Amino acid sequence: MLAMVAFSLQAHAMQDVASDVFGSIPGKGQVERYTLTSEQGMEVAIMTYGAAIVALRVPDRTGQVDDVVLGFDTLEGYLGDNPYFGSVVGRYGNRIAGGTFKLDGETYVLARNNGANHLHGGVVGFDKVIWDASPVADDRGPSVQFSYVSQDGEEGYPGTLAVTVTYTLAAGNELIVDYEATTTHATPVNLTQHAYFNLGGEGSGDILDHELSLNASHYTPVDSTLIPNGEVAAVVGTPFDFKTRPARIGARISDEHPQLTIGGGYDHNFVLDSGEDSLALAARAYHPASGRTLEVYTTEPGVQLYTGNFLDALPGKGSHVYGRHAGFCLETQHFPDSPNQPDFPSTILRPGERYQSRTVFAFGTAAM
Ligand code: BGC
């Protein structure tokens with residue numbers, strides 16, 4: 001009897017996953033899109049190229065559903081000038097200084113694709129490969145697992161890394177992202193999700209009016225090339241304080257602060273007060289006009305707040321053009337450049353170990 005109940009729950013969940021062909025890449029193959037729908041009116045679409053979220057539709061406080069992530073209508077858009085819209089980023093999210101690090105006495109040289117630095121996994125990171133995908137039974141809701149095997153030496157990294165990323169749409173309009181990986185050789189791993197959110201709806205303008213709170217008393221300041229300078233600085237009394245002074249993203253973004261000048265806005269790793277491993281609230285964003293809220297929970301020790309500073313007249317979905325600050329990212333992660341920063345939590349995965357990380361994007365609405 002119990003087994004039958006479990007079976008019908010699972011069968012129900014799998015029915016809420018639809019798939020279609022999103023496009024194809026000459027020489028690389030077909031790209032599929034999986035669409036997950038919840039009973040509460042949320043829908044998320046994820047494609048196999050980059051395991052990227054291409055649409056995320058949630059209701060506002062009046063019930064109107066809008067797509068709240070930036071992106072493109074077609075695969076061709078994602079293959080062109082694309083600042084990691086909705087992608088899974090890996091093998092290492094954010095930057096590694098000089099594209100090099102030492103591990104167990106060996107020096108490794110990675111692809112340098114951001115000036116002298118390595119960014120988001122290199123020239124062909126996990127955002128630029130086609131993943132395998134299949135719906136999986138999960139009694140929390142519709143679920144799709146994406147998998148990719150990154151070869152030993154890919155972009156300069158040691159070890160063959162087998163990665164899965166599972167997206168599950170759970171009750172309460174929660175998108176759960178579960179990351180797992182194993183390796184054949186010690187390697188840095190730091191996986192994240194690079195969705196650009198605009199809770200007013202993608203293309204509705206800038207995100208400076210969103211109110212943000214972050215569960216972070218510290219952040220990691222950067223040098224002029226956006227590499228952490230090694231400091232773990234207190235946010236209190238600075239424009240980086242979203243902990244004791246939750247504020248509109250735009251309230252202090254133009255303050256005279258050397259770190260805001262370097263980033264052209266916020267482009268910084270916040271050190272979460274919750275630490276590592278247990279799933280805890282990292283961030284909460286609220287868009288007053290629509291009433292939409294987004295809470296981000298994670299097991300990661302950090303979150304990169306990136307306020308779309310480099311977006312510049314990029315033609316996106318529909319006839320929308322994305323300008324500076326058209327979206328914001330909350331990239332849950334280990335800290336940038338950890339392989340070169342002995343005082344940061346370790347990002348090294350060894351053979352026999354399992355990398356496990358979870359982030360939950362929980363959508364809701366709040367009254368006026
Ligand atoms: C980085 C930014 C970068 C953006 C798009 C963010 O994660 O912190 O510096 O410009 O991704 O590549």
Side-chain angles (χ1 to χ4, degrees), residues 50-53 69-72 77-99 110-128 155 177 179 188-198 207 212 214 216 219-229 240 249 253 258-272 282-283 296 298 300-314 316 322-338 341 344 347 357 359 361:
I53 297 173
V69 290
L70 275 53
F72 305 101
Y78 288 92
L79 301 177
D81 182 11
N82 171 13
Y84 303 88
F85 280 158
S87 305
V88 165
V89 170
R91 186 177 296 200
Y92 197 96
N94 214 283
R95 293 176 177 80
I96 295 179
L110 304 172
R112 294 183 177 111
N113 59 326
N114 187 245
N117 299 325
H118 176 85
L119 173 67
H120 291 336
V123 178
V124 183
F126 292 1
D127 60 296
K128 293 184 188 65
E155 301 296 309
V177 191
Y179 305 85
V189 183
N190 188 29
L191 305 176
T192 191
Q193 223 304 325
H194 209 298
Y196 287 66
F197 298 102
N198 185 327
I207 47 74
L212 182 69
L214 295 175
Y219 76 113
T220 52
V222 288
D223 70 13
S224 61
T225 69
L226 296 173
I227 294 290
N229 62 19
F240 293 84
I249 291 176
I253 201 169
Q259 285 295 315
L260 289 173
T261 309
I262 289 174
Y266 297 101
D267 190 356
H268 293 82
N269 171 63
F270 286 76
V271 178
L272 294 170
V296 181
T298 189
E300 288 296 306
V303 65
Q304 184 86 9
L305 170 62
Y306 172 57
T307 48
N309 313 326
F310 300 115
L311 292 175
D312 184 14
L314 186 58
Y322 304 137
R324 194 161 179 223
H325 308 313
F328 67 96
C329 304
L330 289 166
E331 302 155 62
T332 54
Q333 61 182 7
H334 271 57
F335 309 166
D337 198 33
S338 296
Q341 307 258 359
F344 288 177
T347 52
S357 173
T359 292
F361 298 101

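We count ligands from 1, going down the list as the structure has it; atoms in each ligand are counted the same way. We're numbering straight along the sequence, starting at 1. Computed from a prediction, not measured in an experiment: that's the story for all the values here.
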**Asked** Among all protein non-hydrogen atoms, which one is nearest to atom 7 (O) of ligand 1, and what is the separation to 0.1 Å?
**Response**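 The closest one turns out to be Glu331 OE1, 2.6 Å.
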**Asked** Any idea which atoms of ligand 1 are less than 4.0 Å away from a heavy-atom of Gln304?
**Response**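 Those qualifying, in numeric order: 8 (O).
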Identity of the nearest option to [atom], non-hydrogen atoms only, from [options]:
atom	options	result
atom 8 (O) of ligand 1	Leu226, Asp127, Asp267, Asn114	Asp267
atom 5 (C) of ligand 1	Tyr266, Tyr196, Phe310	Tyr196
atom 6 (C) of ligand 1	Gln333, Arg95, His194	His194

**Fill in**
Per ring-ring contact (aromatic ring centres under 6.0 Å, His included), Phe335 is matched among Phe344, Phe270, Tyr219 by Phe344
**Message:** For Phe72 and Phe85, take the angle between the two ring planes, folded into 0 to 90°, and tell me which bin it lands in: parallel under 30, tilted 30 to 60, perpendicular over 60.
**Reply:** tilted
**Asked** Under 30°, 30 to 60°, or over 60°: which ring-plane class applies to Tyr84 and His120, parallel, tilted or perpendicular?
**Response** perpendicular
**Asked** Got a donor-acceptor contact below 3.5 angstrom from the Thr307 side chain to the Tyr266 backbone?
**Response** yes
**Prompt:** Has ligand 1 got any nitrogen or oxygen that is less than 3.5 angstrom from a nitrogen or oxygen of Tyr84?
**Reply:** no
**Complete:** The reported gap from CG in Leu70 to CD1 in Ile53 (rounded to nearest 0.5 angstrom) is 12.5 Å
**Item:** Proximity of Val89 to ligand 1 by residue part, where a heavy atom lies under 4.0 Å
**Value:**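 The answer is neither; Val89 stays 4.0 Å or more away.
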**Message:** Would you say that Pro336 contacts Gln304 through its side chain, given a criterion of any heavy-atom pair below 4.5 Å between the two side chains?
**Reply:**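 Touching, per the 4.5 Å side-chain cut-off.
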